[in-house]
Amino acid sequence: MVDLEAEKAAAARAAAALVQDGMKVGLGTGSTVAHLLTALAERGLSVRCVSTSPRTEDVARSLGLEVATLEDLGRLDIAIDGTDEVDDTGWLIKGGGGAHTREKIVAAAADRFVVMADSTKPVAAFTWPVPLELLEFGLSSTISLLGEAQLRDLPRSPDGGVLAFWRGDLTDPAAAAAFLSSVPGVVDHGLFPPSMVSDVIIARGPEIEHRRLA
Ligand code: 5RP
């Protein structure tokens, strides 16, 4: 029986080891990031962090990590986050926790974007639907343009966005990402391209696989 929490903690420790004293660090959202926050706090480094969600910010502060705004910190040295799935080429589906818009902004603001994964996250072909954040204005029109989209039973994002899933064809993730970005009313979608990803750290039991993409 796979101990997923132990795998998440192992991936998080390996990712936290990449952070150096004085760095500006982007923090993702989710249960793997919860392990990262503990591992990072345990290292006792002097780092300044940007959070992608109120949840992450609260926990980070409670562990003694300094949290500032992206406006204050500007370019980040590293951002670290979990993922819902990662394919063999490094495409990600993120946003299970509804935080993908902020997560993508923070990943894009970082020189190095490190993704942590337990053994259930690597896939040959995506099985997850793509999380979407949508503007409330014109919502039914946006949903109808998207086709195959359903609202999620989640509170709005901290930025007021409505959260949905898109269940369209993902055989070509770049084409799907381009389509989703082309629909007015889509704030952002949870497909992250390999060009954005520097490292994927995968825990399988006690083993760590470190894939370097850039
Ligand atoms: C949140 C995310 C998370 O990184 C993703 O859902 C993975 O979460 P977990 O680490 O809990 O498995 O994208 O928006």
Side-chain angles (χ1 to χ4, degrees), residues 2-16 25-40 49-60 70 76 78-87 90-110 112-123 126-134 151-167 170 173 176-177 180 186-194 196-204 208-209 211:
V2 179
D3 183 345
L4 284 184
E5 285 310 310
E7 289 187 346
K8 289 176 191 202
R13 277 194 302 276
V25 184
L27 303 172
T29 291
S31 57
T32 317
V33 167
H35 290 287
L36 171 75
L37 299 177
T38 309
L40 198 52
C49 305
V50 170
S51 167
T52 52
S53 65
R55 256 177 302 158
T56 295
E57 179 166 349
D58 289 348
V59 177
L70 191 51
L76 304 174
I78 192 168
I80 308 175
D81 204 345
T83 191
D84 295 304
E85 291 188 328
V86 51
D87 80 1
W91 274 94
L92 311 177
I93 289 187
K94 287 188 44 56
H100 58 276
T101 300
R102 288 189 180 195
E103 290 171 340
K104 202 180 278 183
I105 291 169
V106 166
R112 187 176 186 183
F113 178 45
V114 177
V115 176
M116 307 170 292
D118 61 62
S119 60
T120 65
K121 307 296 178 63
V123 291
F126 289 132
T127 64
W128 257 71
V130 180
L132 302 175
E133 180 166 354
L134 307 174
L151 297 183
R152 295 175 70 182
D153 188 16
L154 282 181
R156 285 169 186 247
S157 79
D159 305 298
V162 176
L163 299 171
F165 273 138
W166 183 73
R167 297 176 193 276
L170 282 174
L180 293 170
V186 173
V187 178
D188 214 335
H189 56 78
L191 282 166
F192 286 45
M196 192 172 258
V197 180
S198 311
D199 309 65
V200 182
I201 295 174
I202 302 164
R204 288 190 182 84
I208 294 285
E209 179 192 349
R211 293 185 191 162

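Each residue takes its place number in the sequence, starting with 1. Read the numbers this way: they start at 1 and go in the same order the structure lists the ligands and their atoms. Quantities reported herein were computed from a predicted structural model and do not represent experimental measurements.
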Compare every heavy atom of [Y] with every heavy atom of [X], then report the nearest pair and how far apart it is.
| X | Y | result |
| --- | --- | --- |
| Ile202 | Asp118 | CG2-O, 4.3 Å |
| Val114 | Ala15 | CG1-CB, 4.2 Å |
| Leu180 | His189 | CB-CD2, 3.6 Å |

Hey, could you give me the [atom1]/[atom2] distance between [X] and [Y], rounded to the nearest 0.5 Å?
| X | Y | atom1 | atom2 | value |
| --- | --- | --- | --- | --- |
| Lys121 | Thr32 | NZ | OG1 | 4.5 Å |
| Leu37 | Arg55 | CG | CZ | 11.5 Å |
| Leu163 | His100 | CG | NE2 | 7.0 Å |

What is the closest protein heavy atom to [atom], and at what distance does it sit?
| atom | result |
| --- | --- |
| atom 6 (O) of ligand 1 | Asp84 OD1, 2.6 Å |
| atom 10 (O) of ligand 1 | Thr32 OG1, 2.6 Å |
| atom 3 (C) of ligand 1 | Thr29 O, 3.2 Å |

Atoms of ligand 1 close to [X] [distance to a heavy atom under 4.0 angstrom, numbered from 1]:
| X | value |
| --- | --- |
| Asp81 | 4 (O) |
| Thr83 | 4 (O), 5 (C), 7 (C) |
| Ala99 | 14 (O) |
| Gly95 | 2 (C), 13 (O), 14 (O) |
| Gly97 | 1 (C), 6 (O), 14 (O) |
| Lys8 | 12 (O) |
| Gly98 | 14 (O) |
| Gly82 | 4 (O) |

Is there side-chain contact between Leu40 and Leu27, with at least one heavy-atom pair below 4.5 Å?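 Yes, at least one pair of side-chain atoms sits under 4.5 Å.
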
Looking at side-chain heavy atoms only, is the closest gap between Asp81 and Phe192 below 4.5 Å?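 Not touching, per the 4.5 Å side-chain cut-off.
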
Among Arg13, Lys8, Glu5, which residue meets the side-chain hydrogen bond (donor to acceptor under 3.5 Å, both in side chains) test with His35?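 Looking at Arg13, Lys8, Glu5, the match for His35 under the side-chain hydrogen bond (donor to acceptor under 3.5 Å, both in side chains) is Glu5.
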
Test applied, side-chain contact (heavy atoms from CB on, under 4.5 Å); reference residue, Val187; option that passes from Thr101, Asp159, Leu134: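 The single option meeting the side-chain contact (heavy atoms from CB on, under 4.5 Å) with Val187 is Thr101.
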
Mark the output for Lys121 as yes if a heavy-atom distance to ligand 1 is under 4.0 Å, and as no if none is.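 A heavy atom of Lys121 does come that close to ligand 1.
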
Do side-chain atoms of Lys94 reach the backbone of Ala99 as a donor and acceptor pair under 3.5 angstrom?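 Answer holds: no.
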
Is the contact between Asp118 and ligand 1 made by the side chain, the backbone, both, or neither, using heavy atoms and a 4.0 Å cut-off?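 Under 4.0 Å from ligand 1, Asp118 contributes no heavy atoms.
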
Option nearest atom 11 (O) of ligand 1 (shortest heavy-atom distance, choices Gly30, Gly28, Ser31):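 The nearest heavy atom belongs to Ser31.
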
Run down the list His35, His100, Glu103 and name the one with the heavy atom closest to atom 1 (C) of ligand 1.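 Comparing heavy atoms across His35, His100, Glu103, the nearest one to atom 1 (C) of ligand 1 lies in Glu103.
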
Sub-3.5 Å N/O-N/O distance, Val33 and ligand 1: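 There is no such contact.
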
Ligand 1 N/O within reach of Lys94 N/O, cut-off under 3.5 Å: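 Between Lys94 and ligand 1 (N or O atoms, distance only) the closest approach is under 3.5 Å.
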
